[in-house]
Amino acid sequence: MHIKVLGSAAGGGFPQWNCNCPNCAGLRSGQIRAQARTQSSIAVSANGQDWLLVNASPDILTQIARTPELQPARALRDSGIAAVLLMDAQIDHVTGLLMLRERSTPLPLLATAEVQSDIAQGFPITGILSHYCGTRLQTLPIDGSAVHIPELPGLEVFTVALHSKPPPYSPFRGAPRAGDNIGLLVRNPATGQQVFYAPGLAQVGPELLDLMAGCHTVLVDGTCWTADELQALGVSQKSALDMGHLPQSGPGGMIEQLDRLPHTVRKVLIHINNSNPILREDGPERLILSDHGIDVAFDGMEIAF
Ligand code: MLT
Ligand code: MN
Ligand code: ZN
């Protein structure tokens with residue numbers, strides 16, 4: 001089973017186009033040790049040829065250009081992307097769908113009923129795409145049952161309903177529904193090993209911890225280091241939790257949660273906001289993460305299991 005991290009940054013990417021925070025300005029000027037990152041997406045494949053794109057980020061074209069596996073040349077028009085699965089309806093996870101419109105057949109698209117409603121109404125991408133390639137929608141269950149993707153017969157995936165937030169444009173922003181945000185479990189049928197992916201995660205309860213404890217690797221929400229990171233920078237009134245993201249540091253934070261997992265589980269933070277000090281490879285926060293056995297995802301990172 002292969003997983004490729006296409007984009008490891010949160011919405012906005014790193015550096016963000018209009019941002020002069022110490023991280024973004026430092027990366028542009030070469031004053032800090034850090035790597036640029038594109039917006040949130042991974043690709044998953046059982047055979048290394050046919051891929052499930054998990055989230056379609058605004059940076060999808062750059063990500064495809066950097067990933068030869070996604071651009072085979074078996075036909076005049078061809079792609080390694082066999083289907084797309086969405087974790088939520090956030091702008092950083094769905095906007096890239098518009099960039100896939102040149103397909104000659106409808107795009108196989110897997111999303112919960114809640115996400116489908118947001119991308120049909122609040123941000124009507126599926127309606128727009130119906131004038132181009134169209135979509136073949138498959139509704140994702142949120143009861144934990146297995147998802148069979150006709151285009152990817154070798155792949156075994158399961159969804160997990162999560163506590164987070166629908167996008168700011170959603171009529172349900174203030175009253176989240178189960179199905180607004182999901183996590184994904186990818187299972188290797190030969191070994192039974194699983195990888196859990198959750199770029200938007202506001203709460204880690206006992207059930208979720210149990211599930212993560214049985215995984216080979218967990219790729220989880222690494223958006224902010226502190227709850228008030230964006231407020232402290234003066235760029236937003238919102239806390240990390242207001243946006244549906246559990247910060248890493250502090251009581252009850254992601255580091256504390258990941259500490260509860262067995263040492264056998266590989267722990268990786270993903271969906272990292274450009275304000276997050278963990279982007280600095282030689283910074284003190286990075287040392288704290290290493291002490292806790294936690295890695296930071298980067299674009300191009302591969303996980304085989
Ligand atoms: C989020 O996860 O909160 C989003 O990245 C926000 C956005 O894309 O604007
Ligand atoms: Mn996001
Ligand atoms: Zn920034």
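Read the numbers this way: they start at 1 and go in the same order the structure lists the ligands and their atoms. Position 1 is the first residue of the sequence, and the numbers go up from there.
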Would [X] and [Y] pass as an ion pair if we require N to O under 4.0 Å?
X	Y	answer
Arg266	Asp295	yes
Lys238	Glu229	no
Lys4	Glu69	yes

I need the nearest protein heavy-atom contact for [atom]: residue, atom name and distance, please.
atom	answer
atom 2 (O) of ligand 1	His245 NE2, 2.9 Å
atom 6 (C) of ligand 1	Gln90 OE1, 3.7 Å
atom 5 (O) of ligand 1	Asp92 OD2, 2.8 Å

- Hey, is atom 9 (O) of ligand 1 under 4.0 Å from any protein heavy atom?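 Given the 4.0 Å cut-off, atom 9 (O) of ligand 1 does not count as touching protein heavy atoms.
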
- Note on the structure: For the Mn ion (ligand 2), angle spanned by Asp92 OD2 and His271 NE2 (nearest 10°) is 100°

- Item | Heavy atom of His271, distance to ligand 1 below 4.0 Å | yes

- Item | Value rounded to 0.5 Å, distance of CD1 in Ile64 from CG in Leu100 | 5.5 Å

- Message: Listing request: all salt bridge (charged side-chain N to carboxylate O under 4.0 Å, His left out) pairs with a residue in residues 156-177, at least two apart in sequence or in separate chains.
- Response: Asp118-Arg177, Glu156-Arg187, Arg177-Asp180

- Message: To 10 degrees, how wide is the angle OD1 (Asn274) to the Zn ion (ligand 3) to SG (Cys21)?
- Response: 120°

- Task: Check whether any N or O atom of Gly11, backbone or side chain, sits under 3.5 Å from an N or O atom of ligand 1, and answer yes or no.
- Result: yes

- Should the pair Phe123 and Tyr169 be assigned to parallel (<30°), tilted (30 to 60°) or perpendicular (>60°) ring geometry?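 It falls in the perpendicular class, over 60°.
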
